[in-house]
**Student:** 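Once you've had a glance at the structure underneath, I'll fire off some questions.
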Number of protein chains: 2
Amino acid sequence: MYTLQTIPPKCAHLVLRVERFLKRYHVDFIGKKILVALSGGPDSTALAVILSLLKKRCSLNIEALYLNHGLREEAFQEELFIQNFAERWKFEPHILRTNIGLLAKKTHRGIEETGRNIRYFILKQFAQKRHCDLIALGHHLNDLAEDVLIRMLRGASWPALGGMDVYLKEDKIVRPLLFLSKDEIKSFLKMLNQNFCIDKSNFQLDTLRNRVRHTILPLFCKENPSFLKNIFRLWQAAKIDRHDWQAKIEKLKPKIFENKIEINRKELELFLPGERMRIFSQCLKQLGPGQVLFDNVMKLEELFSTRKVGKRVEFPGNKMVLLNNETVSFLKG
Amino acid sequence: MYTLQTIPPKCAHLVLRVERFLKRYHVDFIGKKILVALSGGPDSTALAVILSLLKKRCSLNIEALYLNHGLREEAFQEELFIQNFAERWKFEPHILRTNIGLLAKKTHRGIEETGRNIRYFILKQFAQKRHCDLIALGHHLNDLAEDVLIRMLRGASWPALGGMDVYLKEDKIVRPLLFLSKDEIKSFLKMLNQNFCIDKSNFQLDTLRNRVRHTILPLFCKENPSFLKNIFRLWQAAKIDRHDWQAKIEKLKPKIFENKIEINRKELELFLPGERMRIFSQCLKQLGPGQVLFDNVMKLEELFSTRKVGKRVEFPGNKMVLLNNETVSFLKG
């Protein structure tokens with residue numbers, strides 16, 4: 001059996017970097033039971049290997065769940081791969097079969113969207129059933145870069161532009177490989193002679209994700225070979241800023257009702273415009289679905305800072321903000 | 001002669017949007033003498049037209065400077081164009097001839113870089129000689145989008161990622177068209193039957209700028225037709241945040257010496273991590289040339305927030321930060 005002591009030093013180094021990364025971002029993982037979302041691709045394969053190698057050192061209990069969506073013929077070969085793979089690295093594998101095609105038809109949604117939704121849903125349910133403390137996903141630095149570019153495309157602002165989270169405490173989700181590039185992950189597996197499966201559907205250019213992956217991101221990396229490193233820095237900066245804003249917003253004590261949030265104008269005046277715009281956005285998000293349009297938040301801030309009274313700004317999802325004499329009210333319905 | 005009243009309403013509307021944009025960003029332009037940097041291309045041609053149309057309404061005095069860099073044969077035809085164009089729109093044209101090729105050779109720099117440097121240098125000198133209050137540049141929303149993508153490529157963080165400024169008060173530079181897309185500008189000129197010159201060198205893919213313009217940006221716009229609008233929102237958000245941080249940093253009173261800046265530790269403790277990192281960066285920039293590496297600023301913040309004493313972090317350009325018992329010192333040399 002492989003241990004941190006018997007694998008090549010370069011591999012052990014990478015494993016320890018993952019441990020440090022998780023600690024740096026305050027992921028509560030020591031002594032926990034972790035469910036790895038295992039597809040058999042290089043990312044989740046490396047993830048299962050790395051967590052298995054940290055098992056003893058961090059007192060982990062590792063299980064893995066493979067979902068056979070019934071979409072690709074290769075999936076049944078993948079099931080076999082998972083069995084052998086789990087035996088080699090000594091973790092408990094689970095295999096679940098679903099029929100995404102049927103589900104997508106039933107719910108009138110795309111296969112891509114259905115797959116994603118059902119994947120998270122099943123993972124969550126399964127983690128609960130198996131009493132797992134965390135669900136580990138294989139997203140890495142290339143995924144993060146794609147995410148940042150897609151967010152940029154879709155008009156995300158700061159700090160959302162910095163990309164996905166490493167740790168979603170409430171959802172019990174963790175992404176231990178987020179700082180590692182695809183190349184680093186692949187050469188890690190190569191050094192360990194660990195093979196993996198290839199999902200051919202990742203190469204089709206019919207989804208935005210794949211077009212970003214195979215067309216746009218390579219252009220950025222070609223122009224600047226350090227682009228992925230830059231993305232990681234951007235991500236770090238975004239997390240720091242979000243934390244700062246969060247800390248500030250928490251000092252605010254809004255009155256929360258059924259379909260209404262109310263904040264004192266005097267309290268809001270203590271904040272700077274950019275901070276206030278983030279408070280406005282957060283209150284609107286809290287009221288439920290409906291996009292928090294940037295232009296409308298700008299308008300709201302302008303009305304607020306020029307001390308307008310009796311004005312309203314409307315938002316999609318039947319949401320509205322009222323500027324009263326003493327308060328600002330966020331209303332739904 | 002054309003006036004706001006005699007041109008098509010759509011054109012007048014656009015001109016008034018430019019006026020509002022300048023007012024919104026506190027550009028001090030009413031009653032001023034403005035030097036337009038005129039290349040004869042669509043952007044600066046539209047800029048000269050728009051400012052000419054605002055002449056009466058905003059009591060402007062418009063002059064334009066065309067630089068013939070001696071690089072392209074067409075430039076001499078462009079000189080003729082400028083003469084006729086200025087006559088039509090009633091502003092004073094100036095033409096200066098330089099020899100960039102010769103200058104680049106002399107200074108051992110690229111033609112692109114030399115061109116940019118010399119352009120700004122000559123514009124500034126000329127503006128001073130003619131007692132102009134402002135230099136107007138034709139950069140528009142597509143230029144801004146390119147700028148954001150290039151900054152992203154090069155690893156800019158927030159708020160620098162938001163792109164170029166509309167108004168550089170000290171340099172007397174203004175970019176009145178920054179919110180308008182290339183398409184809007186071209187259809188504005190078309191409605192006025194105003195032709196323009198085409199600089200073929202813009203189509204070569206030998207510079208990063210042109211590759212972003214002709215390859216990367218079109219991919220983003222194809223994926224999301226509202227991409228340029230999103231870039232403008234990102235720019236707005238960045239300007240608000242920068243203003244906020246600037247307002248906070250100004251409250252700080254560092255001691256500034258010849259090659260040293262000193263800040264009290266207690267004062268710095270009043271700030272949040274992201275704010276402090278921007279203070280650190282600004283102090284380092286103030287010390288002179290040398291890249292302010294993000295990773296080192298992160299390290300500095302980590303040392304500071306864990307109350308380390310007697311530690312130092314070094315930066316390129318022979319710069320260094322010392323964490324003393326009571327102060328943080330930024331040193332050069």
Side-chain angles (χ1 to χ4, degrees), chain A residues 24 145 148-162 208 211-212 215-224 226-248 271-278 281 293-295 297-298 301-302 305, chain B residues 24 145 148-162 208 211-212 215-217 219-248 271-278 281 293-295 297-298 301-302 305:
Chain A
R24 167 83 185 75
V148 169
L149 292 173
I150 288 175
R151 283 170 190 241
M152 178 138 214
L153 254 166
R154 293 196 171 141
S157 195
W158 192 256
L161 187 60
L208 171 61
R211 286 194 298 275
V212 169
T215 312
I216 297 182
L217 181 57
L219 283 170
F220 276 82
C221 291
K222 194 179 153 198
E223 291 292 351
N224 184 355
S226 306
F227 181 65
L228 290 177
K229 277 192 191 125
N230 288 344
I231 285 289
F232 187 62
R233 289 190 189 107
L234 192 70
W235 179 85
Q236 288 176 298
K239 296 310 150 193
I240 292 169
D241 285 345
R242 205 187 48 186
H243 199 269
D244 283 5
W245 274 307
Q246 218 51 47
K248 262 179 222 151
F271 291 89
L272 291 168
E275 297 168 353
R276 211 155 33 224
M277 284 172 66
R278 274 146 188 123
S281 300
L293 301 170
F294 178 81
D295 296 352
V297 175
M298 279 268 289
E301 166 57 24
E302 221 179 285
S305 59
Chain B
R24 167 80 185 76
V148 169
L149 292 173
I150 288 175
R151 283 170 190 240
M152 178 137 212
L153 253 167
R154 294 193 171 144
S157 195
W158 190 257
L161 187 59
L208 172 62
R211 285 193 299 275
V212 169
T215 311
I216 298 181
L217 181 56
L219 283 171
F220 277 80
C221 292
K222 194 180 154 199
E223 291 292 351
N224 184 356
S226 306
F227 182 65
L228 291 177
K229 275 190 192 129
N230 288 344
I231 285 290
F232 187 62
R233 289 189 189 107
L234 193 71
W235 179 86
Q236 289 176 298
K239 297 309 150 194
I240 292 169
D241 284 346
R242 203 184 50 185
H243 198 269
D244 282 6
W245 274 308
Q246 218 50 50
K248 261 180 224 149
F271 291 89
L272 291 169
E275 297 168 352
R276 211 155 34 222
M277 284 173 66
R278 276 146 187 123
S281 300
L293 301 171
F294 178 80
D295 295 351
V297 175
M298 279 268 289
E301 166 56 25
E302 222 178 283
S305 58

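Computation of the quantities below employed the complete heavy-atom set of this structure, encompassing side-chain atoms and omitting hydrogens, waters and symmetry-equivalent molecules. Throughout, a chain's letter reflects where its sequence line sits, starting with A, and its residues are numbered from 1. Since we're looking at a predicted model, the values are computed, not measured.
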**Student:** Rounded to the nearest 0.5 Å, what's the gap from CG on A/L217 to CZ on A/F227? Could you check?
**Tutor:**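 Here the interatomic distance stands at 6.5 Å.
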**Student:** Where does A/L234 contact chain B at under 4.5 Å (heavy atoms): side chain, backbone, both or neither?
**Tutor:**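 For A/L234, the side chain is the part near chain B, not the backbone.
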**Student:** Is there a side-chain contact between A/R154 and A/L208 (heavy atoms, below 4.5 Å)?
**Tutor:**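 They are in side-chain contact.
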**Student:** With a 4.5 angstrom heavy-atom cut-off, could you sort out which part of B/R211 is near chain A: side chain, backbone, both or neither?
**Tutor:**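 The side chain, not the backbone.
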**Student:** Contact part of B/R278 toward chain A, heavy-atom cut-off under 4.5 Å: side chain, backbone, both or neither?
**Tutor:**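 For B/R278, the side chain is the part near chain A, not the backbone.
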**Student:** The criterion is side chain to side chain donor-acceptor pair (under 3.5 Å); which residues satisfy it with B/D244, sequence neighbours excluded?
**Tutor:**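 Once residues adjacent in sequence are excluded, B/D244 has no partner under the side chain to side chain donor-acceptor pair (under 3.5 Å) criterion.
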**Student:** In terms of heavy-atom pairs under 4.5 Å, which option from A/R233, A/M298, A/K248 contacts chain B the most?
**Tutor:**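 Most heavy-atom pairs under 4.5 Å with chain B: A/R233.
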**Student:** How close do B/C221 and B/L228 get, heavy atom to heavy atom, and via which atoms?
**Tutor:**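 It is SG-CG, 4.3 Å.
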**Student:** Please classify the contact of B/L149 with chain A as side chain, backbone, both or neither, using a heavy-atom distance under 4.5 Å.
**Tutor:**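 Both parts, heavy atoms under 4.5 Å.
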**Student:** Within the 4.5 Å heavy-atom criterion, are B/K239 and B/H243 side-chain neighbours or not?
**Tutor:**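 Side chain of B/K239 against side chain of B/H243, heavy atoms only: no contact under 4.5 Å found.
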**Student:** Do any N or O atoms from the side chain of A/R151 and from the backbone of A/A160 form a donor-acceptor pair under 3.5 angstrom?
**Tutor:**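 Checked: pair present.
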**Student:** Are side-chain heavy atoms of B/M152 and A/I231 found at a separation under 4.5 Å?
**Tutor:**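 Counting from C-beta outward, B/M152 and A/I231 do come under 4.5 Å.
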**Student:** Please state whether the side chain, the backbone, both or neither of B/A238 comes within less than 4.5 Å of a heavy atom of chain A.
**Tutor:**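 Contact with chain A is absent: no heavy atom of B/A238 under 4.5 Å.
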**Student:** Answer with side chain, backbone, both or neither: which region of B/R276 has an atom nearer than 4.5 Å to a non-hydrogen atom of chain A?
**Tutor:**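 No part of it gets close to chain A.
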**Student:** Considering only heavy atoms, which portion of B/D241 lies under 4.5 Å from any heavy atom of chain A: side chain, backbone, both, or neither?
**Tutor:**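 Just its side chain gets close to chain A.
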**Student:** At their closest point, which heavy atom of A/G162 faces which heavy atom of A/W235, and how far apart are they?
**Tutor:**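 In terms of heavy atoms, the two residues are closest at O-CD1, 3.2 Å.
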**Student:** Between A/L219, A/I240, A/L153, A/N230, which shows the greatest number of heavy-atom pairs under 4.5 Å with chain B?
**Tutor:**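 Of the options given, most contacts go to A/L153.
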**Student:** For A/R242, which atoms come within 4.5 Å of any heavy atom of chain B: side chain, backbone, both, or neither?
**Tutor:**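 Neither; nothing under 4.5 Å.
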**Student:** If I measure from the heavy atoms of chain A, does B/E301 come under 4.5 Å with its side chain, its backbone, both, or neither?
**Tutor:**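 Nothing of B/E301, per the 4.5 Å heavy-atom cut-off to chain A.
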**Student:** Side chain, backbone, both or neither: which part of B/M277 has an atom under 4.5 Å from a heavy atom of chain A?
**Tutor:**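 For B/M277, the side chain is the part near chain A, not the backbone.
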**Student:** Are A/W245 and A/W158 side-chain neighbours, meaning at least one heavy-atom pair lies under 4.5 Å?
**Tutor:**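 Yes, side chains in contact.
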**Student:** Top residue by heavy-atom pair count (under 4.5 Å) with chain A, among B/P159, B/P273, B/S157, B/A237?
**Tutor:**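 With the most close heavy-atom pairs to chain A, the winner is B/P273.
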